[in-house]
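To start, the structure itself, in structure tokens.
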Amino acid sequence: MSDPTARSELVTVRDYIRYAVSRFNAAGLFFGHGSDNAWDEAAYLTLHTLSLPLDRLEPFLDARLLDSERDALLDIYQRRAEDRLPAAYLTNEAWLAGHRFYVDERVIVPRSFIAELLQEQLAPWVDDPWAIETALDLCTGSGCLAILAALAFPQARVDAVDLSLEAISVAERNIEEYGLSERIGIIRSDAFTNLADKRYDLIISNPPYVNADSVAALPPEYLHEPILALGSGKDGLDLTRIILREAKRHLTPNGLLVVEIGHNREALEAAYPTLPFTWLDTAAGDEFVFLLRAADLPDPVPD
């Protein structure tokens, strides 16, 4: 139930944002799905709920609110604070590399460092973006990286692969909204299982990579996300091992493999001491995304 005192005393947008920040801090919320603090989250939820531009808060701070707007704001603040739902699930949208994507609890909230690398068209590792003719987004989830890859490489035909039928439904919606249905094909597959002899100039993947201990300690916000998209065995590398074992079979001779692995760089390098990983610079550092060329990968084991 919304706070009746808040409903009667709060008047302006500024009042409501201040109230939300206080309530979020008091609730001890975790921020990791698009914002990293209570103020940014409160401002975003407020602007979105009021159908205001997300990048223009100042002109509206002292605006008075209709009763229906007050009720809507108090409701979304309550759901965030009490249900611990990530903001993206409350608004059904997530922003990645400046692009908006539809999301709900069938998919993980998009947050990948690969997105910023695609904005740069993987330079300098890709000399000619127009030469990328085929690409694969493995573990596509909402389809966000497949869409960003299609936008980055205008000649590419992209396959978006996921095991979850629910995730595929969300990806289909996003791909259609971007008008990319003719360039992005969706395949249901457990990793490479259903890809037959397909080969790609580029494979990207943001697979599950949270280790078992970290999964057990996740904040409540993360527990609303599909567990299939988070954990990957004891050390978080189960699916990454499959990718490294099978990727060469599905890359063209000069193809590139780009994979995000979270905080597992040390464990990965210890497990594969002979692989010449190139660690790509991202906003958070060079420990989260690796690149390998097809020639660097081990030959697949014959069937």
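Quick note: residue numbers are just sequence positions, from 1. Values below: every heavy atom of this structure, side chains too, minus hydrogens, waters and symmetry copies.
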Original post:
How would you list, by chain and number, every residue that makes a side chain to side chain contact (heavy atoms under 4.5 Å, CB included) with D201, sequence neighbours excluded?
Top reply: I132, E133, T134, T252
**OP:** Kindly check if the number of other-residue, nucleotide or ligand heavy atoms within 6.0 Å of CD (E176) is above 12?
**Re:** no
**OP:** State the CD-CZ distance between E260 and R111, to the nearest 0.5 angstrom.
**Re:** 9.5 Å
Original post:
Does S181 have any side-chain hydrogen bond (donor to acceptor under 3.5 Å, both in side chains) partners at least two apart in sequence or in another chain, and if so, which?
Top reply: none
Original post:
Residues in side chain to side chain contact (heavy atoms under 4.5 Å, CB included) with D62, at least two apart?
Top reply: R14
Review item, side-chain donor-acceptor pairs of residues 148-162, under 3.5 Å, at least two apart:
from: R157; atom 1: NH1; to: E182; atom 2: O; distance (Å): 2.7
from: D159; atom 1: OD2; to: K198; atom 2: NZ; distance (Å): 3.2
from: D159; atom 1: OD2; to: Y200; atom 2: OH; distance (Å): 2.6
from: D162; atom 1: OD1; to: S164; atom 2: N; distance (Å): 2.9
from: D162; atom 1: OD2; to: T140; atom 2: N; distance (Å): 3.3
from: D162; atom 1: OD2; to: G141; atom 2: N; distance (Å): 2.8

Original post:
Who passes ring pair (Phe, Tyr, Trp, His ring centres under 6.0 Å) against Y222, sequence neighbours left out?
Top reply: F30, H33
**OP:** Identify, with sequence neighbours excluded, every residue that meets side-chain hydrogen bond (donor to acceptor under 3.5 Å, both in side chains) alongside E116.
**Re:** none
Subject >> Verdict with supporting geometry, Y272 and L237, side-chain contact (heavy atoms from CB on, under 4.5 Å) >> reply: CA-CA 11 Å; Y272 296 90; L237 294 174; 6.0 Å; no
Original post:
Closest heavy-atom contact between P129 and D127?
Top reply: CD-O, 3.8 Å
Original post:
Hey, mind stepping through E82 and R23 against salt bridge (charged side-chain N to carboxylate O under 4.0 Å, His left out) and telling me if it holds?
Top reply: CA-CA 10 Å; E82 295 186 4; R23 184 155 190 194; 2.8 Å; yes
Original post:
What distance separates I186 CD1 from I175 CD1, expressed to the nearest 0.5 Å?
Top reply: 3.5 Å
Subject >> Partner set under side-chain hydrogen bond (donor to acceptor under 3.5 Å, both in side chains) for D83, not counting sequence neighbours >> reply: none
Original post:
D190 side chain to L163 main-chain N or O, any donor-acceptor pair under 3.5 Å?
Top reply: no
**OP:** Taking all heavy atoms of A115 and all of L145, pick out the closest pair and write down the distance.
**Re:** N-CD2, 3.9 Å
**OP:** Could you name each residue pair satisfying salt bridge (Lys or Arg N to Asp or Glu O under 4.0 Å) that touches residues 42-59, not counting sequence neighbours?
**Re:** none
**OP:** Walk me through it: do R173 and S169 pass the test side-chain hydrogen bond (donor to acceptor under 3.5 Å, both in side chains)?
**Re:** CA-CA 6 Å; R173 175 171 177 163; S169 294; over 6 Å; no
Listing, residues 274-286 side-chain donor-acceptor contacts under 3.5 Å, not counting sequence neighbours, or none:
from: W279; atom 1: NE1; to: E269; atom 2: OE2; distance (Å): 2.9
from: T282; atom 1: OG1; to: A284; atom 2: N; distance (Å): 3.3
from: T282; atom 1: OG1; to: G285; atom 2: O; distance (Å): 2.8

**OP:** Might you confirm whether atom CH2 of W125 has over 12 heavy atoms from other residues, nucleotides or ligands at distances under 6.0 Å?
**Re:** no
Original post:
Is there a side-chain contact between L118 and V258 (heavy atoms, below 4.5 Å)?
Top reply: no
**OP:** Would you give the length of the straight line joining atom OG1 of T12 to atom CZ of R70, rounded to the nearest 0.5 angstrom?
**Re:** 9.5 Å
Subject >> Distance-minimising heavy-atom pair for S112 and L96 >> reply: N-CD1, 3.8 Å
Subject >> D128, CG: over 12 other non-hydrogen atoms inside 6.0 angstrom >> reply: yes
Show me the donor-acceptor pairs within less than 3.5 Å that the side chains of residues 40-48 make with the rest of the protein, sequence neighbours left out.
from: D40; atom 1: OD2; to: N37; atom 2: ND2; distance (Å): 2.9
from: E41; atom 1: OE1; to: S35; atom 2: OG; distance (Å): 2.4
from: E41; atom 1: OE2; to: R80; atom 2: NE; distance (Å): 2.5
from: E41; atom 1: OE2; to: R80; atom 2: NH2; distance (Å): 3.1
from: Y44; atom 1: OH; to: T91; atom 2: OG1; distance (Å): 2.7
from: Y44; atom 1: OH; to: E93; atom 2: OE2; distance (Å): 2.9
from: T46; atom 1: OG1; to: A42; atom 2: O; distance (Å): 2.7
from: T46; atom 1: OG1; to: Y77; atom 2: OH; distance (Å): 2.6

Original post:
Taking S205 for the side chain and L138 for the main chain, is one N or O donor matched with an acceptor at less than 3.5 Å?
Top reply: yes
Original post:
Looking at residues at least two apart in the chain, or sitting in another chain, which of them share a ring pair (Phe, Tyr, Trp, His ring centres under 6.0 Å) with Y178?
Top reply: F101
Subject >> Check against side-chain contact (heavy atoms from CB on, under 4.5 Å), L50 and Y16 >> reply: CA-CA 12 Å; L50 297 176; Y16 275 81; over 6 Å; no
**OP:** Would you check if the side chain of D15 reaches a backbone N or O of L10 as a donor-acceptor pair within less than 3.5 Å?
**Re:** no
**OP:** Give, for atom CG of L257 and atom CG of D296, the distance between the pair rounded to the nearest 0.5 Å.
**Re:** 10.0 Å
**OP:** Under the side-chain hydrogen bond (donor to acceptor under 3.5 Å, both in side chains) rule, collect the residues that match up with R199, sequence neighbours excluded.
**Re:** none
Subject >> Minimum-distance pair of heavy atoms, taken over all atoms of R84 and A27 >> reply: NH1-O, 3.9 Å
**OP:** Answer yes or no: is there a side-chain heavy-atom contact under 4.5 Å between I242 and R245?
**Re:** yes
